[in-house]
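For reference, the structure discussed in these notes is given below.
Source: prediction; values computed, not measured. In what follows, chains are A, B, ... by sequence order, proteins preceding strands, each numbered from 1. What you see below is based on every heavy atom in this structure, not just the backbone, and it leaves out hydrogens, waters and symmetry mates.
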There are 2 protein chains.
Amino acid sequence: MPVWGCGVSPRAGLDREAVVEAAASLVDEEGLDGLTVGRLAERLGVRAPSLYNHIAGLEELKRAVAVLGVERLAGSLMRAAVGKSGEQAVFAIADAYRAFAREHPDLYAATLRAPEPGDGRYSSAAGEILEVVGAALEPYRLGSEDRLDAVRGLRSLCHGFVSLELCGGFGMPREVDRSFEQAVRTYLTGLACAGGESGVGKSD
Amino acid sequence: MPVWGCGVSPRAGLDREAVVEAAASLVDEEGLDGLTVGRLAERLGVRAPSLYNHIAGLEELKRAVAVLGVERLAGSLMRAAVGKSGEQAVFAIADAYRAFAREHPDLYAATLRAPEPGDGRYSSAAGEILEVVGAALEPYRLGSEDRLDAVRGLRSLCHGFVSLELCGGFGMPREVDRSFEQAVRTYLTGLACAGGESGVGKSD
DNA sequence: GTTTAAAACTACCTATATTAGTTTGTCAAC
DNA sequence: GTTGACAAACTAATATAGGTAGTTTTAAAC
(Lines give C-alpha, C1' and ligand atoms only; values in the text may rest on other atoms or scores of the structure.)
Protein backbone atom coordinates (compact mmCIF):
# COMPACT_ATOMS: atom_id res chain seq x y z
CA MET A 1 0.00 0.00 0.00
CA PRO A 2 1.52 3.28 -1.05
CA VAL A 3 1.67 5.84 1.66
CA TRP A 4 2.30 9.29 0.30
CA GLY A 5 4.15 11.99 2.10
CA CYS A 6 2.31 15.11 3.10
CA GLY A 7 1.60 17.69 0.47
CA VAL A 8 3.72 16.71 -2.50
CA SER A 9 1.63 14.16 -4.28
CA PRO A 10 -1.22 15.27 -6.45
CA ARG A 11 -3.25 13.11 -4.14
CA ALA A 12 -2.57 14.37 -0.67
CA GLY A 13 -3.89 11.27 1.03
CA LEU A 14 -5.81 13.17 3.65
CA ASP A 15 -8.31 11.63 5.94
CA ARG A 16 -10.48 12.99 8.69
CA GLU A 17 -7.99 12.17 11.41
CA ALA A 18 -5.18 14.06 9.71
CA VAL A 19 -7.41 17.06 9.10
CA VAL A 20 -8.55 17.22 12.71
CA GLU A 21 -4.99 16.84 14.00
CA ALA A 22 -3.77 19.61 11.75
CA ALA A 23 -6.67 21.76 12.90
CA ALA A 24 -5.69 21.13 16.50
CA SER A 25 -2.11 22.17 15.74
CA LEU A 26 -3.34 25.31 14.05
CA VAL A 27 -5.55 26.15 17.02
CA ASP A 28 -2.64 25.49 19.34
CA GLU A 29 -0.36 27.80 17.42
CA GLU A 30 -2.62 30.59 16.30
CA GLY A 31 -5.68 30.46 18.50
CA LEU A 32 -9.21 29.36 17.91
CA ASP A 33 -9.97 32.27 15.62
CA GLY A 34 -6.87 31.44 13.62
CA LEU A 35 -8.52 28.23 12.52
CA THR A 36 -10.02 28.98 9.14
CA VAL A 37 -10.77 26.58 6.34
CA GLY A 38 -8.46 28.43 4.01
CA ARG A 39 -5.48 28.45 6.30
CA LEU A 40 -5.94 24.85 7.28
CA ALA A 41 -6.15 23.85 3.63
CA GLU A 42 -3.04 25.82 2.82
CA ARG A 43 -1.16 24.12 5.61
CA LEU A 44 -2.27 20.75 4.32
CA GLY A 45 -1.23 21.60 0.78
CA VAL A 46 -4.73 21.47 -0.56
CA ARG A 47 -7.48 23.82 -1.72
CA ALA A 48 -10.10 24.87 0.75
CA PRO A 49 -13.11 23.05 -0.70
CA SER A 50 -11.21 19.76 -0.62
CA LEU A 51 -11.49 19.69 3.13
CA TYR A 52 -15.22 19.27 2.84
CA ASN A 53 -14.58 15.72 1.72
CA HIS A 54 -13.48 14.99 5.27
CA ILE A 55 -15.39 17.34 7.50
CA ALA A 56 -18.92 18.64 7.49
CA GLY A 57 -17.96 22.25 8.08
CA LEU A 58 -16.05 24.57 10.34
CA GLU A 59 -18.35 24.12 13.30
CA GLU A 60 -18.12 20.37 13.16
CA LEU A 61 -14.37 20.65 12.79
CA LYS A 62 -14.14 22.78 15.89
CA ARG A 63 -16.17 20.25 17.79
CA ALA A 64 -13.80 17.54 16.61
CA VAL A 65 -10.85 19.60 17.79
CA ALA A 66 -12.61 19.96 21.13
CA VAL A 67 -12.98 16.21 21.43
CA LEU A 68 -9.32 15.73 20.58
CA GLY A 69 -8.43 18.25 23.25
CA VAL A 70 -10.47 16.42 25.86
CA GLU A 71 -8.83 13.15 24.89
CA ARG A 72 -5.37 14.63 25.29
CA LEU A 73 -6.35 16.23 28.57
CA ALA A 74 -7.66 12.90 29.82
CA GLY A 75 -4.37 11.29 28.80
CA SER A 76 -2.37 13.89 30.71
CA LEU A 77 -4.44 13.40 33.83
CA MET A 78 -4.10 9.65 33.70
CA ARG A 79 -0.36 9.82 33.27
CA ALA A 80 -0.15 12.23 36.17
CA ALA A 81 -2.20 10.05 38.50
CA VAL A 82 -0.62 6.71 37.82
CA GLY A 83 0.91 5.15 40.91
CA LYS A 84 -0.59 7.70 43.28
CA SER A 85 -3.73 7.90 45.35
CA GLY A 86 -5.52 10.14 47.78
CA GLU A 87 -4.39 13.67 48.35
CA GLN A 88 -1.18 13.14 46.44
CA ALA A 89 -3.08 11.88 43.40
CA VAL A 90 -5.56 14.73 43.54
CA PHE A 91 -2.83 17.32 43.61
CA ALA A 92 -1.01 15.60 40.79
CA ILE A 93 -4.18 15.57 38.71
CA ALA A 94 -4.99 19.17 39.50
CA ASP A 95 -1.48 20.29 38.60
CA ALA A 96 -1.59 18.32 35.37
CA TYR A 97 -4.96 19.85 34.55
CA ARG A 98 -3.63 23.33 35.03
CA ALA A 99 -0.39 22.55 33.23
CA PHE A 100 -2.27 21.27 30.20
CA ALA A 101 -4.40 24.38 30.04
CA ARG A 102 -1.36 26.63 30.34
CA GLU A 103 0.65 24.79 27.74
CA HIS A 104 -2.23 24.60 25.29
CA PRO A 105 -4.45 27.51 26.19
CA ASP A 106 -6.27 27.75 22.91
CA LEU A 107 -6.75 24.04 22.55
CA TYR A 108 -8.07 24.02 26.08
CA ALA A 109 -10.41 26.88 25.28
CA ALA A 110 -11.63 24.97 22.24
CA THR A 111 -12.50 22.16 24.60
CA LEU A 112 -15.27 24.19 26.19
CA ARG A 113 -17.50 23.98 23.15
CA ALA A 114 -20.51 21.79 23.84
CA PRO A 115 -20.13 18.42 22.13
CA GLU A 116 -22.68 16.79 19.94
CA PRO A 117 -24.97 14.69 22.11
CA GLY A 118 -24.10 11.07 21.59
CA ASP A 119 -20.51 11.64 20.60
CA GLY A 120 -18.87 8.39 21.61
CA ARG A 121 -15.31 9.62 21.67
CA TYR A 122 -16.22 12.61 23.77
CA SER A 123 -18.20 10.52 26.22
CA SER A 124 -15.34 8.09 26.43
CA ALA A 125 -12.75 10.77 27.17
CA ALA A 126 -15.02 12.52 29.65
CA GLY A 127 -15.62 9.18 31.31
CA GLU A 128 -11.89 8.61 31.64
CA ILE A 129 -11.52 11.92 33.43
CA LEU A 130 -14.32 11.09 35.83
CA GLU A 131 -12.79 7.70 36.42
CA VAL A 132 -9.29 8.91 37.19
CA VAL A 133 -10.53 11.59 39.56
CA GLY A 134 -12.94 9.16 41.17
CA ALA A 135 -10.14 6.68 41.71
CA ALA A 136 -7.98 9.31 43.31
CA LEU A 137 -10.75 10.02 45.78
CA GLU A 138 -11.03 6.36 46.78
CA PRO A 139 -9.31 6.80 50.18
CA TYR A 140 -11.93 9.35 51.18
CA ARG A 141 -14.48 6.54 51.37
CA LEU A 142 -17.36 8.51 49.99
CA GLY A 143 -20.73 7.07 49.11
CA SER A 144 -21.49 6.88 45.43
CA GLU A 145 -23.54 10.08 45.40
CA ASP A 146 -21.04 11.99 47.49
CA ARG A 147 -18.31 10.72 45.26
CA LEU A 148 -20.06 11.98 42.16
CA ASP A 149 -20.51 15.34 43.83
CA ALA A 150 -16.87 15.42 44.82
CA VAL A 151 -15.69 14.59 41.32
CA ARG A 152 -17.90 17.29 39.88
CA GLY A 153 -16.73 19.74 42.50
CA LEU A 154 -13.08 19.11 41.90
CA ARG A 155 -13.45 19.25 38.17
CA SER A 156 -15.38 22.48 38.51
CA LEU A 157 -12.74 23.92 40.78
CA CYS A 158 -9.90 23.05 38.41
CA HIS A 159 -11.71 24.12 35.30
CA GLY A 160 -13.01 27.30 36.82
CA PHE A 161 -9.67 28.33 38.19
CA VAL A 162 -7.80 27.61 35.01
CA SER A 163 -10.43 29.20 32.86
CA LEU A 164 -10.48 32.39 34.88
CA GLU A 165 -6.71 32.43 34.95
CA LEU A 166 -6.52 32.20 31.17
CA CYS A 167 -9.06 34.97 30.77
CA GLY A 168 -7.02 37.22 32.98
CA GLY A 169 -9.71 37.05 35.63
CA PHE A 170 -7.13 37.20 38.39
CA GLY A 171 -5.02 40.23 38.85
CA MET A 172 -1.48 39.53 39.94
CA PRO A 173 0.03 36.47 38.35
CA ARG A 174 2.64 35.86 40.99
CA GLU A 175 0.31 34.60 43.67
CA VAL A 176 -1.80 32.44 41.44
CA ASP A 177 0.15 29.25 42.05
CA ARG A 178 -0.45 29.52 45.73
CA SER A 179 -4.13 30.29 45.26
CA PHE A 180 -4.59 27.21 43.16
CA GLU A 181 -2.92 24.89 45.60
CA GLN A 182 -4.83 26.44 48.42
CA ALA A 183 -8.14 26.08 46.60
CA VAL A 184 -7.60 22.40 46.01
CA ARG A 185 -6.41 21.90 49.56
CA THR A 186 -9.41 23.66 50.95
CA TYR A 187 -11.74 21.48 48.96
CA LEU A 188 -9.97 18.34 50.09
CA THR A 189 -10.09 19.51 53.67
CA GLY A 190 -13.79 20.00 53.22
CA LEU A 191 -14.14 16.46 52.00
CA ALA A 192 -12.16 15.12 54.91
CA CYS A 193 -14.12 17.18 57.43
CA ALA A 194 -17.53 16.45 56.00
CA GLY A 195 -20.10 15.53 58.58
CA GLY A 196 -19.14 18.07 61.17
CA GLU A 197 -20.90 21.04 59.62
CA SER A 198 -19.18 24.31 60.06
CA GLY A 199 -22.09 26.59 60.79
CA VAL A 200 -19.94 29.65 60.44
CA GLY A 201 -22.05 32.74 60.16
CA LYS A 202 -25.29 30.83 60.58
CA SER A 203 -26.43 32.93 63.48
CA ASP A 204 -27.73 35.68 61.19
CA MET B 1 -18.73 74.62 21.04
CA PRO B 2 -21.32 71.93 20.66
CA VAL B 3 -21.37 69.26 23.32
CA TRP B 4 -23.74 66.49 22.39
CA GLY B 5 -21.69 63.51 23.29
CA CYS B 6 -23.52 62.86 26.53
CA GLY B 7 -26.75 61.10 25.80
CA VAL B 8 -28.34 63.32 23.18
CA SER B 9 -27.54 62.67 19.55
CA PRO B 10 -28.70 64.88 16.79
CA ARG B 11 -30.30 62.34 14.55
CA ALA B 12 -31.66 59.05 15.77
CA GLY B 13 -30.83 59.01 19.43
CA LEU B 14 -28.14 56.41 19.03
CA ASP B 15 -25.05 56.45 21.16
CA ARG B 16 -22.48 53.96 22.30
CA GLU B 17 -24.42 52.95 25.36
CA ALA B 18 -27.53 52.16 23.37
CA VAL B 19 -25.53 50.18 20.84
CA VAL B 20 -23.85 48.09 23.50
CA GLU B 21 -27.12 47.44 25.29
CA ALA B 22 -28.78 46.35 22.09
CA ALA B 23 -25.81 44.12 21.38
CA ALA B 24 -26.19 42.53 24.79
CA SER B 25 -29.86 41.87 24.12
CA LEU B 26 -29.01 40.33 20.80
CA VAL B 27 -26.40 38.10 22.40
CA ASP B 28 -28.89 37.14 25.07
CA GLU B 29 -31.51 36.17 22.55
CA GLU B 30 -29.53 34.65 19.74
CA GLY B 31 -26.16 33.72 21.15
CA LEU B 32 -22.73 35.21 20.77
CA ASP B 33 -22.46 34.14 17.15
CA GLY B 34 -25.80 35.77 16.48
CA LEU B 35 -24.24 39.13 17.13
CA THR B 36 -23.31 40.55 13.75
CA VAL B 37 -22.94 44.14 12.75
CA GLY B 38 -25.65 43.77 10.16
CA ARG B 39 -28.23 42.29 12.45
CA LEU B 40 -27.49 44.73 15.20
CA ALA B 41 -27.84 47.61 12.78
CA GLU B 42 -31.13 46.24 11.47
CA ARG B 43 -32.45 45.94 14.99
CA LEU B 44 -31.47 49.54 15.68
CA GLY B 45 -33.11 50.77 12.48
CA VAL B 46 -29.87 51.84 10.93
CA ARG B 47 -27.42 50.70 8.25
CA ALA B 48 -24.44 48.62 9.26
CA PRO B 49 -21.66 51.14 8.65
CA SER B 50 -23.42 53.68 10.82
CA LEU B 51 -22.53 51.67 13.89
CA TYR B 52 -18.88 52.44 13.33
CA ASN B 53 -19.60 55.94 14.51
CA HIS B 54 -20.10 54.46 17.97
CA ILE B 55 -17.91 51.39 18.17
CA ALA B 56 -14.47 50.55 16.88
CA GLY B 57 -15.42 47.15 15.49
CA LEU B 58 -17.02 43.86 16.30
CA GLU B 59 -14.28 42.70 18.65
CA GLU B 60 -14.41 45.85 20.66
CA LEU B 61 -18.19 45.60 20.77
CA LYS B 62 -18.00 42.07 22.11
CA ARG B 63 -15.60 43.20 24.79
CA ALA B 64 -18.03 45.95 25.71
CA VAL B 65 -20.83 43.39 25.94
CA ALA B 66 -18.59 41.30 28.18
CA VAL B 67 -18.06 44.26 30.48
CA LEU B 68 -21.80 44.89 30.60
CA GLY B 69 -22.34 41.25 31.48
CA VAL B 70 -19.85 41.41 34.33
CA GLU B 71 -21.53 44.55 35.61
CA ARG B 72 -24.92 42.88 35.60
CA LEU B 73 -23.52 39.77 37.23
CA ALA B 74 -21.94 41.90 39.93
CA GLY B 75 -25.29 43.60 40.46
CA SER B 76 -27.05 40.27 40.85
CA LEU B 77 -24.52 39.04 43.35
CA MET B 78 -24.75 42.21 45.40
CA ARG B 79 -28.52 42.10 45.49
CA ALA B 80 -28.38 38.46 46.55
CA ALA B 81 -25.93 39.09 49.35
CA VAL B 82 -27.49 42.15 50.90
CA GLY B 83 -28.46 41.61 54.52
CA LYS B 84 -26.69 38.28 54.79
CA SER B 85 -23.29 37.11 55.88
CA GLY B 86 -21.22 34.02 56.35
CA GLU B 87 -22.44 30.71 55.03
CA GLN B 88 -25.86 32.05 54.23
CA ALA B 89 -24.40 34.87 52.17
CA VAL B 90 -22.03 32.57 50.32
CA PHE B 91 -24.84 30.23 49.34
CA ALA B 92 -26.98 33.16 48.27
CA ILE B 93 -24.14 34.50 46.12
CA ALA B 94 -23.38 31.11 44.65
CA ASP B 95 -27.02 30.52 43.79
CA ALA B 96 -27.29 33.96 42.25
CA TYR B 97 -24.16 33.32 40.24
CA ARG B 98 -25.54 30.10 38.87
CA ALA B 99 -28.97 31.60 38.30
CA PHE B 100 -27.50 34.45 36.28
CA ALA B 101 -25.54 32.07 34.09
CA ARG B 102 -28.59 29.90 33.52
CA GLU B 103 -30.87 32.77 32.73
CA HIS B 104 -28.37 34.48 30.44
CA PRO B 105 -26.14 31.70 29.20
CA ASP B 106 -24.85 33.49 26.15
CA LEU B 107 -24.29 36.77 27.91
CA TYR B 108 -22.47 34.85 30.59
CA ALA B 109 -20.37 33.11 27.97
CA ALA B 110 -19.56 36.47 26.42
CA THR B 111 -18.25 37.52 29.80
CA LEU B 112 -15.34 35.10 29.57
CA ARG B 113 -13.61 37.12 26.89
CA ALA B 114 -10.47 38.73 28.23
CA PRO B 115 -10.99 42.47 28.78
CA GLU B 116 -8.73 45.20 27.56
CA PRO B 117 -6.09 45.87 30.17
CA GLY B 118 -6.91 49.08 31.91
CA ASP B 119 -10.66 48.96 31.31
CA GLY B 120 -11.97 50.95 34.22
CA ARG B 121 -15.52 49.67 34.07
CA TYR B 122 -14.39 46.07 33.95
CA SER B 123 -11.99 46.52 36.83
CA SER B 124 -14.71 48.23 38.78
CA ALA B 125 -17.25 45.46 38.26
CA ALA B 126 -14.68 42.75 38.92
CA GLY B 127 -13.72 44.58 42.07
CA GLU B 128 -17.34 44.65 43.20
CA ILE B 129 -17.55 40.90 42.84
CA LEU B 130 -14.38 40.38 44.83
CA GLU B 131 -15.70 42.75 47.44
CA VAL B 132 -19.08 41.14 47.90
CA VAL B 133 -17.60 37.65 48.13
CA GLY B 134 -14.88 38.85 50.44
CA ALA B 135 -17.46 40.50 52.69
CA ALA B 136 -19.46 37.30 52.83
CA LEU B 137 -16.37 35.48 54.03
CA GLU B 138 -15.81 37.97 56.84
CA PRO B 139 -16.98 35.61 59.63
CA TYR B 140 -14.36 33.08 58.61
CA ARG B 141 -11.71 35.45 59.94
CA LEU B 142 -9.15 34.75 57.28
CA GLY B 143 -5.90 36.61 56.84
CA SER B 144 -5.72 38.83 53.81
CA GLU B 145 -3.85 36.29 51.70
CA ASP B 146 -6.06 33.41 52.73
CA ARG B 147 -9.04 35.57 52.03
CA LEU B 148 -7.84 36.31 48.52
CA ASP B 149 -7.29 32.62 47.97
CA ALA B 150 -10.74 31.82 49.27
CA VAL B 151 -12.40 34.39 47.06
CA ARG B 152 -10.56 33.05 44.05
CA GLY B 153 -11.40 29.49 45.01
CA LEU B 154 -15.08 30.19 45.43
CA ARG B 155 -15.28 32.14 42.24
CA SER B 156 -13.47 29.35 40.43
CA LEU B 157 -15.80 26.79 41.88
CA CYS B 158 -18.91 28.70 40.86
CA HIS B 159 -17.62 29.60 37.45
CA GLY B 160 -16.27 26.15 36.74
CA PHE B 161 -19.43 24.41 37.80
CA VAL B 162 -21.69 26.71 35.87
CA SER B 163 -19.48 26.67 32.83
CA LEU B 164 -19.31 22.89 32.71
CA GLU B 165 -23.03 22.70 33.32
CA LEU B 166 -23.74 24.98 30.38
CA CYS B 167 -21.42 22.96 28.15
CA GLY B 168 -23.31 19.82 29.02
CA GLY B 169 -20.30 18.56 30.93
CA PHE B 170 -22.48 16.85 33.49
CA GLY B 171 -24.78 14.04 32.59
CA MET B 172 -28.04 13.88 34.44
CA PRO B 173 -29.60 17.27 35.14
CA ARG B 174 -31.69 16.07 38.05
CA GLU B 175 -28.83 15.78 40.47
CA VAL B 176 -26.95 18.86 39.43
CA ASP B 177 -28.60 21.11 41.98
CA ARG B 178 -27.47 18.85 44.75
CA SER B 179 -23.97 18.62 43.37
CA PHE B 180 -23.66 22.38 43.27
CA GLU B 181 -24.85 22.88 46.79
CA GLN B 182 -22.59 20.11 47.96
CA ALA B 183 -19.57 21.54 46.16
CA VAL B 184 -20.04 24.93 47.79
CA ARG B 185 -20.67 23.33 51.16
CA THR B 186 -17.55 21.20 50.89
CA TYR B 187 -15.45 24.24 50.09
CA LEU B 188 -16.90 26.15 53.02
CA THR B 189 -16.31 23.23 55.32
CA GLY B 190 -12.74 23.21 54.14
CA LEU B 191 -12.41 26.88 54.97
CA ALA B 192 -13.90 26.39 58.40
CA CYS B 193 -11.76 23.37 59.25
CA ALA B 194 -8.54 24.89 58.03
CA GLY B 195 -9.34 28.10 59.81
CA GLY B 196 -8.52 26.54 63.15
CA GLU B 197 -11.77 24.99 64.38
CA SER B 198 -10.78 21.36 64.17
CA GLY B 199 -7.82 21.04 61.87
CA VAL B 200 -9.13 17.77 60.53
CA GLY B 201 -7.64 16.83 57.18
CA LYS B 202 -4.79 19.26 57.28
CA SER B 203 -1.61 17.38 56.60
CA ASP B 204 0.79 19.48 58.62
C1' DG C 1 -7.46 -2.19 -19.67
C1' DT C 2 -11.83 -0.75 -17.63
C1' DT C 3 -14.49 0.67 -13.98
C1' DT C 4 -15.43 2.98 -9.81
C1' DA C 5 -15.33 5.73 -5.68
C1' DA C 6 -13.13 8.96 -3.44
C1' DA C 7 -10.29 13.00 -3.40
C1' DA C 8 -9.19 17.13 -5.17
C1' DC C 9 -10.04 20.83 -8.31
C1' DT C 10 -12.20 25.29 -10.50
C1' DA C 11 -15.78 28.45 -10.40
C1' DC C 12 -19.15 30.60 -8.00
C1' DC C 13 -22.27 32.32 -4.28
C1' DT C 14 -23.40 34.28 0.05
C1' DA C 15 -22.61 36.49 4.34
C1' DT C 16 -19.96 39.56 6.99
C1' DA C 17 -16.77 43.05 8.56
C1' DT C 18 -14.84 47.13 7.36
C1' DT C 19 -13.39 51.46 4.72
C1' DA C 20 -14.07 55.59 1.71
C1' DG C 21 -16.37 59.24 0.52
C1' DT C 22 -20.80 61.75 0.64
C1' DT C 23 -25.05 63.58 2.43
C1' DT C 24 -28.04 65.24 6.08
C1' DG C 25 -29.83 66.85 10.24
C1' DT C 26 -29.17 69.46 14.61
C1' DC C 27 -27.35 72.90 17.41
C1' DA C 28 -25.15 77.24 18.46
C1' DA C 29 -23.38 81.38 17.16
C1' DC C 30 -24.09 85.27 14.42
C1' DG D 1 -33.61 83.51 10.40
C1' DT D 2 -29.27 82.26 8.27
C1' DT D 3 -25.29 79.78 8.44
C1' DG D 4 -21.43 76.91 9.55
C1' DA D 5 -19.56 73.07 12.10
C1' DC D 6 -19.80 68.49 13.10
C1' DA D 7 -21.44 64.19 14.26
C1' DA D 8 -24.68 60.81 12.51
C1' DA D 9 -26.13 58.35 8.99
C1' DC D 10 -26.00 57.01 4.21
C1' DT D 11 -24.42 54.65 -0.42
C1' DA D 12 -20.96 52.20 -2.64
C1' DA D 13 -17.33 49.25 -2.69
C1' DT D 14 -13.61 45.94 -0.97
C1' DA D 15 -11.75 41.96 1.30
C1' DT D 16 -12.12 37.85 3.60
C1' DA D 17 -14.27 33.70 4.68
C1' DG D 18 -17.50 29.72 4.68
C1' DG D 19 -19.80 26.83 1.79
C1' DT D 20 -21.95 24.56 -2.67
C1' DA D 21 -22.08 22.68 -7.47
C1' DG D 22 -20.26 20.38 -10.79
C1' DT D 23 -16.06 18.56 -13.00
C1' DT D 24 -11.63 16.32 -13.27
C1' DT D 25 -8.16 13.28 -11.62
C1' DT D 26 -6.27 9.45 -9.33
C1' DA D 27 -5.70 4.97 -6.72
C1' DA D 28 -7.08 0.83 -6.59
C1' DA D 29 -10.30 -3.07 -7.51
C1' DC D 30 -11.94 -6.05 -11.04
When you check the gap from the basic side-chain N to the acidic O, do [X] and [Y] get nearer than 4.0 Å?
X        : Y       : answer
A:Glu128 : A:Arg79 : no
B:Arg43  : B:Glu30 : yes
A:Asp177 : A:Arg98 : yes

*Starting at the 5' end of nucleotides 10-20 of chain C, put B wherever the base has a protein heavy atom under 4.0 Å, S where only the sugar-phosphate does, and a dash everywhere else.*
BB----SSBB-

Tell me which donor-acceptor pairs under 3.5 Å the side chains of residues 156-164 of chain B have, and how far apart each pair is, sequence neighbours excluded?
residue, atom, partner, partner atom, Å
B:Ser156, OG, B:Arg152, O, 2.8
B:His159, ND1, B:Tyr108, OH, 2.6
B:His159, NE2, A:Ser163, OG, 3.0
B:Ser163, OG, A:His159, NE2, 3.1

*If you round to the nearest 0.5 Å, how far is CG of A:Leu148 from CG of A:Leu137?*
11.0 Å

Nearest whole Å is fine: how far is [N] [atom2] from [X] [atom1]?
X       : N      : atom1 : atom2 : result
B:Leu14 : C:dG25 : CG    : P     : 17 Å
A:Asp33 : D:dA17 : CG    : P     : 11 Å
A:Asn53 : D:dG19 : CG    : P     : 14 Å
A:Leu61 : D:dG19 : CG    : P     : 10 Å
B:Leu51 : D:dA8  : CG    : C1'   : 11 Å

*Think B:His54 has a side-chain N or O under 4.0 angstrom from the OP1 or OP2 of D:dA9?*
yes

*What pairs meet the side-chain hydrogen bond (donor to acceptor under 3.5 Å, both in side chains) rule with one or both residues in residues 132-142 of chain A, with sequence neighbours excluded?*
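Every side-chain hydrogen bond (donor to acceptor under 3.5 Å, both in side chains) pair that includes a residue of residues 132-142 of chain A, provided the two are not neighbours, is A:Glu138-A:Arg147.
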
